[in-house]
2 protein chains.
Amino acid sequence: MNEPHIHSPASPNARPTAREQIAACGGRVTRTRLAVLEALHGSAHPLSHDELGDMLAAEAIAHDRVTLYRALDWLVERGLARRIAGGDRAWRFEVVRGAAHRHAHFHCDRCGQVLCLEQLEAAPAAALPTGYSVERAELVLHGHCAACGPEHSAAEIR
Amino acid sequence: MNEPHIHSPASPNARPTAREQIAACGGRVTRTRLAVLEALHGSAHPLSHDELGDMLAAEAIAHDRVTLYRALDWLVERGLARRIAGGDRAWRFEVVRGAAHRHAHFHCDRCGQVLCLEQLEAAPAAALPTGYSVERAELVLHGHCAACGPEHSAAEIR
DNA sequence: CTTCTAGTGCAACATTGTAGCATCTGGCGT
DNA sequence: ACGCCAGATGCTACAATGTTGCACTAGAAG
Ligand SMILES: [Mn+2]
Ligand SMILES: [Mn+2]
Ligand SMILES: [Zn+2]
Ligand SMILES: [Zn+2]
């Protein structure tokens, strides 16, 4: 830890810290929100509630599932995080980086790992029936990740 | 009902009936499978397990949720039906018509209705990391359907 | 009609997420 | 530095969706 002890905006025009982001949204900086947002910032891929729960448990933070759900809800409401649908019924969460930039994701149907496909935009431009309005699009590619390998067929799991 | 009483392949080269489809897959033609597949054939949009359950209940078929889940699993395994992910955690099911032809879907975030966007192909052609293999893509547009209207904001529900 | 296995019904369970409510605490005013 | 109190937490109970195990039924083959 090489930061000064007195909490300050650190460098004037650097990317805001998790702490600053939370405060800027008018919310209290609690250990749960801080740990969750930092975990999301530090992760290369979107994290499930369960994965986050394990990480917080390792840090002896967040003794309750519900608190984590609520922290995540709050981050999403405030636009600091984003929810991704995956193929199973569990949400994944990632930090919102560049304003919009909605990209596609890859979901490994074996291990459940989700990967961001930053290059692949999820832009539809579809012709919908009158009266329909689109708010966002979700593009998810399904298959097997490198670790799980394409050679194993579904039956071979376990 | 204008079919002959004796069950026959009806017209020689017409689209196979639900009964024929099921039999052709080597499965037993049970009331549940038959009713489900016919319901899917007759529906303009993908149906949730719950919607199907209501329809079967109205016909006094399928006295058990599990049986319906298993019938649907079977239809999907045999390639007669397809599972669609929606934004909520409930699967929708639709009949598989033209072999592949994987199209996008629209999900109304208000009423949960799912609409097929036959024109919009869900084809990715993305550059994935080495070792990753894509099996299929799911493209879901989210918003409000015509019935629910775009004017109502989220808070106004109920 | 009998037989045999695939399918069904029921109960119990698993996973993921919500709602209510009492208690605690972060940040503010003093 | 201290006390306050709305906002955050922890706990319990609940809801929605789907799965597993097992005894019983029934589709269809002979
Ligand atoms: Mn992403
Ligand atoms: Mn469709
Ligand atoms: Zn994997
Ligand atoms: Zn709607």
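Reminder, nothing fancy here: chain letters follow the sequence lines and each chain counts from 1. Side-chain atoms are counted along with the backbone in the values below, which use heavy atoms only and exclude waters and symmetry mates.
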Residues Arg70(A), Asp64(A): salt bridge by 4.0 Å N-O rule: no
Other than Leu34(B), which residues form its hydrophobic cluster under the rule that side-chain heavy atoms must be closer than 4.5 Å? Ile22(B), Val29(B), Val36(B), Leu37(B), Leu40(B), Leu47(B), Leu52(B), Met55(B), Leu56(B), Ile61(B), Leu68(B), Leu72(B), Trp74(B), Leu75(B), Val76(B), Leu80(B), Trp91(B), Phe93(B), Val95(B)
Can you tell me how far the CD atom of Glu138(A) sits from the NE2 atom of His105(A), to the nearest 0.5 Å? 8.5 Å
Give me the ring orientation class for His49(B) and Tyr69(B): parallel if the planes are under 30° apart, tilted from 30 to 60°, perpendicular past 60°. parallel
What residues from residues 35-51 of chain B pass a heavy-atom cutoff of under 4.0 Å to DNA chain C? none
Return the value, rounded to whole Å, for the distance between atom CZ of Arg92(A) and atom C1' of dT15(C). 13 Å
Within the 4.5 Å heavy-atom criterion, are His41(B) and Gln21(B) side-chain neighbours or not? yes
Output for pair (His107(B) NE2, Arg92(B) CZ), nearest 0.5 Å, gives 5.5 Å
Check the hydrophobic clustering (I, L, V, M, F, W, Y; side-chain heavy atoms under 4.5 Å; chains of links allowed) and say if Ile84(A) and Leu139(A) are grouped together. no
Report the distance from atom CD of Gln119(A) to atom CD of Glu121(A), rounding to the nearest 0.5 Å. 10.5 Å
Using atom types as modelled and distance alone, determine if a side-chain donor or acceptor of His103(A) lies under 3.5 Å from a backbone N or O of Leu120(A). no
Side chain to side chain contact (heavy atoms under 4.5 Å, CB included) assessment of Val96(A) paired with Arg78(A): CA-CA 10 Å; Val96(A) 173; Arg78(A) 296 309 193 269; over 6 Å; no
Approximate separation, where rounding is to 0.5 Å, of Arg28(B) CZ and Arg33(B) CZ: 8.5 Å
Would you work out how much the helix from dC1(C)-dG30(D) to dT30(C)-dA1(D) bends between its ends, with each end axis defined by five base pairs, to 10 degrees? 30°
Treat each ILVMFWY residue as a node, draw an edge where side-chain heavy atoms are under 4.5 Å apart, and state whether Val114(B) and Val140(A) are in one component. no
Under-4.0 Å side-chain N/O to phosphate OP1/OP2 contact, Arg33(B) with dG7(C): yes
DNA chain C-proximal residues of residues 54-72 of chain A, any heavy atom under 4.0 Å: Arg65(A), Val66(A), Tyr69(A), Arg70(A)
Rounded distance (Å) that lies between atom P of dT18(C) and atom CZ of Arg89(A): 15 Å
When rounded to the nearest 0.5 angstrom, what is the spacing between NE2 in His142(A) and CZ in Arg136(B)? 4.5 Å
Residue pair Tyr132(B) / Leu141(A), side-chain heavy-atom distance below 4.5 Å: no
Using the heavy-atom set of chain B and a strict 4.0 Å cut-off, write down the first and last nucleotide of DNA chain D that makes it in, 5' to 3'. dT17(D) to dA28(D)
Measure the SG-CG distance between Cys145(B) and Leu128(A) for me, rounded to the nearest 0.5 Å. 11.0 Å
Summarise protein proximity over nucleotides 25-30 of chain C in one line of letters, 5' to 3': B for base, S for sugar-phosphate only, - for none, counting protein heavy atoms closer than 4.0 Å. BBS---
